[in-house]
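To keep things clear, I will list the structure first and then write my remarks on it.
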Amino acid sequence: AAPPASGTTVDLKVESSTDPVPLFAGPVDTAPHAVDGGDGSGPHPCAGAPGATPVPTATGALDDGLRAAGISWQGNWNPSFRDFFIERIGPHASTPPDDYWSLSVNGRFSSGGCLAQISDGDEVRFFYGPLFGAPPELSPTGAAGGASEGQGTGGGRAGTDAARKPAELRRLARGASRFLRHNDGPGSEWAELALALRGGQDPAGDAQLLAERLLDRFPSSASPDEVDSVAINAWALAVSGRYTAARRAANTVRAAQAPEGGFPVVRGGSPNAQSTGVALIALRVAGLGPRPSVSPGGPTPLDYLASLARRNGSIAYARGSALTPVWTTAQALLGLTSRVRLLDLDIAAAAG
């Protein structure tokens, strides 16, 4: 059949690492249209950037192709991201923390199917499994210090070994970067920011994440007990050149460190990788260094993150918990990023 008006024809492949043949493979004609992901929220715009001329998109092609083939799928609409998170295609549902649906267009990872414009002849691939089937960057026993997957170092000397092995920490960061390039989900905007900074790319557009969502809130609404808020406040202050104030905020963060080496959401709580990542940002940008410990020879924040590394490159939220792996891994990766790159943001320009 001829492509519909204002549409395009792409090569769509939908496959799982667990199946010998794709669920779907073949050409699909698609045009800009609203898409219903089956989550009960009804149809939503799925035709490129909001306010721009509607264009054919990867998720639009998925919807057209699967419906024509009689294959069901479900995506949960997120109004903040203006996109669907693909939860299930056919019999394969996302199963955290290791298996997800991810998208690539012409071999390049795409973080948003309703925002990913496609053109005639493009290869659109939805894949279920870990890292597009790529071998894990990290060893089966974890990233550093010999800690097993999802288990901590327990605060002994083994924990400090990770901080003394820069190569192991670089491997931890590479694994996290690879996971973020090939996975999508809540927190994908943090992943874009982390990957842009680590790649030395111009992060001006991603600086809006701080400018629009965070800068206006500080310092008036930042309670001293809220580690994440105070840490982001320190980052915003530092990139604005207010280093004395940034150091005060970072010292407040440092006082909240848990015995395990990581940081909690609220002072006195249990540590998690997400809060530890943003706490490390504050320590780095304020010039306090990334390796403080509660007691001499005890585990550091870097040790804590290393203890949560998983085989697929992601960093678990906490021991026994794999909440929002993209979001958690992205903020942990920011905590592993150098001070120079963390300060390479122009919040004032992004805020307009």
*For I315, does its backbone N or O pair with a side-chain atom of T329 as donor and acceptor, under 3.5 Å?*
yes
*Donor-acceptor pair, H92 side chain versus G90 backbone, under 3.5 Å?*
no
*side-chain contact (heavy atoms from CB on, under 4.5 Å) assessment of L115 paired with D83*: CA-CA 7 Å; L115 302 177; D83 214 331; 4.0 Å; yes
*asked:* I'd like to know whether L336 forms a side-chain contact (heavy atoms from CB on, under 4.5 Å) with L302, so could you lay out the CA-CA distance, the side-chain angles of the two residues, the decisive distance to 0.1 Å, and finally the verdict.
replied: CA-CA 8 Å; L336 297 170; L302 297 175; 3.6 Å; yes
*Donor-acceptor under 3.5 Å (D11 side chain, E123 main chain)*: no
*Report the residues that fulfil side-chain contact (heavy atoms from CB on, under 4.5 Å) with P22, sequence neighbours left out, ordered by chain and then residue number.*
K13, E15, A25
*Please report the C-alpha distance between V14 and W101 in whole Å, then the side-chain angles of each, then the deciding distance to 0.1 Å, and finally whether the side-chain contact (heavy atoms from CB on, under 4.5 Å) criterion is met.*
CA-CA 10 Å; V14 181; W101 282 101; 3.7 Å; yes
*With E87 via salt bridge (Lys or Arg N to Asp or Glu O under 4.0 Å) - residues at least two apart*: none
_Side-chain donor or acceptor of W235 paired with backbone N/O of L342 under 3.5 Å_ = yes
_Backbone of R248 reached by a side-chain donor or acceptor of N251 within 3.5 Å_ = no
_disulfide bond (SG atoms under 2.5 Å apart) pairs, two or more places apart, involving residues 306-339_ = none
*Among pairs that include at least one residue of residues 239-261, which meet ring-ring contact (aromatic ring centres under 6.0 Å, His included), considering only residues two or more places apart or in two chains?*
none
*asked:* With a 3.5 Å distance limit and no angle check, can you tell me whether N233 reaches the backbone of S229 through a side-chain donor-acceptor pair?
replied: no
_Tell me if a side-chain donor or acceptor on T337 pairs with a main-chain N or O of L333 at a distance below 3.5 Å._
yes
*Would R267 and T252 satisfy side-chain contact (heavy atoms from CB on, under 4.5 Å), going step by step from the backbone distance to the final call?*
CA-CA 10 Å; R267 184 184 301 187; T252 299; 3.8 Å; yes
*Report the distance from atom CG of L66 to atom CG of L12, rounding to the nearest 0.5 Å.*
6.5 Å
*asked:* Show every disulfide bond (SG atoms under 2.5 Å apart) that has at least one partner inside residues 17-69, sequence neighbours left out.
replied: C46-C114
*Heavy atoms only: give me the nearest R310-A316 pair and the separation to one decimal.*
CD-CB, 4.1 Å
*Non-neighbouring partners of S270 that pass side-chain contact (heavy atoms from CB on, under 4.5 Å), sequence neighbours left out*: none
*To the nearest 0.5 Å, tell me how far S104 OG sits from D122 CG.*
11.0 Å
_To check you understand the geometry: which heavy-atom pair defines the closest contact between Y304 and Y317, and what is its length?_
OH-O, 4.3 Å
*asked:* I need the S314 OG to N183 CG distance, nearest 0.5 Å.
replied: 8.0 Å
_List the residues meeting side-chain contact (heavy atoms from CB on, under 4.5 Å) with T324, not counting sequence neighbours, and say none if there are none._
P186, Q274, W327, T328
*Between the main-chain N or O of L308 and the side-chain N or O of R319, is there a donor-acceptor pair closer than 3.5 Å?*
no
_By side-chain hydrogen bond (donor to acceptor under 3.5 Å, both in side chains) - contacts of T18 (at least two apart)_ = S16
*Could you grab the distance from atom CZ of R174 to atom CG of L169, nearest 0.5 Å is fine?*
11.0 Å
*Go through the structure and list residues passing side-chain hydrogen bond (donor to acceptor under 3.5 Å, both in side chains) with Q257, not counting sequence neighbours.*
none
*Assess the side chains of R125 and S102: does a donor N or O sit below 3.5 Å from an acceptor N or O?*
no
*asked:* So, taking the atom named CG in L172 and the one named CG in L305, what distance separates them when rounded to the nearest 0.5 Å?
replied: 7.0 Å
*Got a sec, which pairs hit ring-ring contact (aromatic ring centres under 6.0 Å, His included) with one end in residues 36-59, sequence neighbours left out?*
H44-W77, H44-F84
*Scan for salt bridge (charged side-chain N to carboxylate O under 4.0 Å, His left out) pairs involving residues 43-69, sequence neighbours excluded, and state none if there are none.*
D63-R67
*asked:* Within this structure, what is the CG-OG distance for the pair L193 and S188, rounded to the nearest 0.5 Å?
replied: 11.5 Å
_Those residues that, when tested against R247, pass side-chain hydrogen bond (donor to acceptor under 3.5 Å, both in side chains) (two or more places apart)_ = none
